[in-house]
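First the proteins, then the strands, lettered A, B, ... as listed; each starts at 1.
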Amino acid sequence: MRSDSGLAVTQYESIQARLQQAVEQHAGRLQEHLAAGDWAAAAQLVDQINDIRNQSLYEEVAKLTRELHSAILDLQIESGTPHAQEMSQINDVNERLNYVMNMTEKAANDTMDLVEASAPLVNYISYEAQSLTADWQRFTRREMPLDEFRDLARRVEAFLLRSLHDSDQMSAHLNDILTAQSFQDLTGQVIKRVTELIGYVEDSLARMGGMARTVDLVAGIEHDPETLQKSSQPRQSDSRGEGPQIRADKGEDVVSNQVDVDDLLSSLGL
Amino acid sequence: MNKNMKILIVDDFSTMRRIIKNLLRDLGFTNTEEADDGSTALPMLQSGNFDFLVTDWNMPQMTGIDLLRAVRADERLKHLPVLMVTAEAKRDQIIEAAQAGVNGYVVKPFTAQALQDKIEKIFERVNG
């Protein structure tokens, strides 16, 4: 929407051009009236020029109002209109982002459920394999009495059967962990839509900004740059924190990993 | 290190509490409790004989840094070891936490190893 300031200037120029034309048209006659000392006629001409200026202003303001209205309609956040709630894309964004929150939370919990269910299976295999290995070594060194060997053989068989069953279970869990990652695709699509909408909102706001500039130009309003700057300054940081650093490698006042944190802390004596 | 020590995990996201709880269990610490915010954690700490606090920074009601300050200001809690596990990664914030008296600082996303290292380091110092 970089062309908006250009648009504003063009609109301003068209008013200027009409005004200039009017002044040029009337200038010759104005001089004639002045030379002749006809003040009443000269004043009338000045009034006519002023009327042209005012007329242009009214027209511009009317045009701007219409454009502003359509920009607001585009944003679909106008309150008071019927179905405003249903139409609101911002409202829709909230729902979409909630969906992302829920999906990611569910995926995290599903994955942790499966990891927790898998841990005892692995633990059993590890524990029983250790115990069997020790006894098996005793057997190969011929240090095991026959009745103990019969017991060992039963344990080996039980271990093998259970390993078969548990490894099936484990691979089912691994598959489920894999499919739980499908949230990435779904939430990715939703976030992409939201990003598009934000870009669209930004464009609409830039258009409105362009219109505001045109109003300023036409009406001859000037803003104090200091006040504008002050109002657009970011809020002071409080204890609330800022959340994850999205571009940790770019900020100078941001640590990019745990090693940096440890270095900083040890420089502080921690 | 006493594996039976009572640990309070404070984070507003239940999944993160669960991850930390699981990692602590893997390290042998099973005596854990959870709170979702500084304002619910503080009364638990004041009445619960906790040995160790693991807290997030950014939480809705009372933040982790405010919880840390409240702990350090409380006569009975001021020596409680506190580990901050947080996504806050600005240098100023880490310095702020250090000045408030944090014992360790882990930035998210973190590894199980990082968590273990920090906990061991904290208790080496506390016991040493």
(message) Around atom CE of A/M101, are there more than 12 heavy atoms from other residues, nucleotides or ligands closer than 6.0 Å?
(response) no
(message) Check this for me: A/F159, atom CZ, are more than 12 non-hydrogen atoms of other residues, nucleotides or ligands nearer than 6.0 Å?
(response) yes
(message) Counting heavy-atom pairs under 4.5 Å with chain A, which one of B/D92, B/V106, B/N103 comes out on top?
(response) B/V106
(message) Within the supplied structure, the quantity of interest is the number of heavy atoms (other residues, nucleotides, ligands) at a distance under 6.0 Å from A/R141 CZ; does it exceed 12?
(response) yes
(message) What part of B/K108 gets within 4.5 angstrom of chain A, counting heavy atoms only: side chain, backbone, both, or neither?
(response) neither
(message) Under 4.5 Å from any heavy atom of chain B, what part of A/D262 do you find: side chain, backbone, both or neither?
(response) side chain
(message) I'd like to know which of B/D26, B/I94, B/T86 tops the heavy-atom pair count under 4.5 Å against chain A.
(response) B/I94
(request) Measure distances from B/S14 to the heavy atoms of chain A and classify the residue's part below 4.5 Å as side chain, backbone, both or neither. (result) side chain
(request) Please check if atom CD in A/E157 has more than 12 non-hydrogen atoms from other residues, nucleotides or ligands closer than 6.0 Å. (result) no
(request) Would you mind checking which part of B/P109 comes under 4.5 Å of any heavy atom in chain A, side chain (CB onward), backbone (N, CA, C, O), both or neither? (result) neither
(request) Find the one option among B/P60, B/A97, B/G104 whose heavy-atom pairs under 4.5 Å with chain A are most numerous. (result) B/P60
(request) Inspect the surroundings of CG in A/N98 and state if more than 12 heavy atoms from other residues, nucleotides or ligands are less than 6.0 Å away. (result) yes
(request) Find the distance between CD (A/Q258) and CG (B/D117) and round it off to the nearest 0.5 Å. (result) 9.0 Å
(request) Tell me, yes or no, whether the heavy-atom count around A/K192 atom NZ, taken from other residues, nucleotides or ligands under 6.0 Å, exceeds 12. (result) no
(request) With rounding to the nearest 0.5 Å, note down the distance linking CD in B/Q99 to CG in A/L268. (result) 7.5 Å
(message) Is it the case that atom NZ in A/K106 sees more than 12 heavy atoms from other parts of the structure closer than 6.0 Å?
(response) no
(request) Please flag which part of B/M59 lies under 4.5 Å from any non-hydrogen atom of chain A: side chain, backbone, both or neither. (result) backbone
(request) Locate the shortest heavy-atom distance separating A/L265 from B/A98; write the atom from each residue and the value. (result) CD2-CB, 4.1 Å
(message) Please report the interatomic distance CG(A/D110) to OG1(B/T15), rounded to the nearest 0.5 Å.
(response) 12.0 Å
(message) What part of B/Q61 gets within 4.5 angstrom of chain A, counting heavy atoms only: side chain, backbone, both, or neither?
(response) backbone
(message) When you compare the side chain of A/V254 with that of B/Q93, does any pair of heavy atoms fall below 4.5 Å?
(response) no
(message) Rounded at 0.5 Å granularity, tell me how far CZ in B/R25 sits from CD in A/E116.
(response) 5.5 Å
(message) What's the separation between atom CZ in B/R91 and atom CG in A/L264, rounded to the nearest 0.5 Å?
(response) 5.0 Å
(request) Indicate yes or no for a side-chain donor-acceptor contact from B/E88 to the backbone of A/E242 under 3.5 Å, with no hydrogens or angles considered. (result) yes
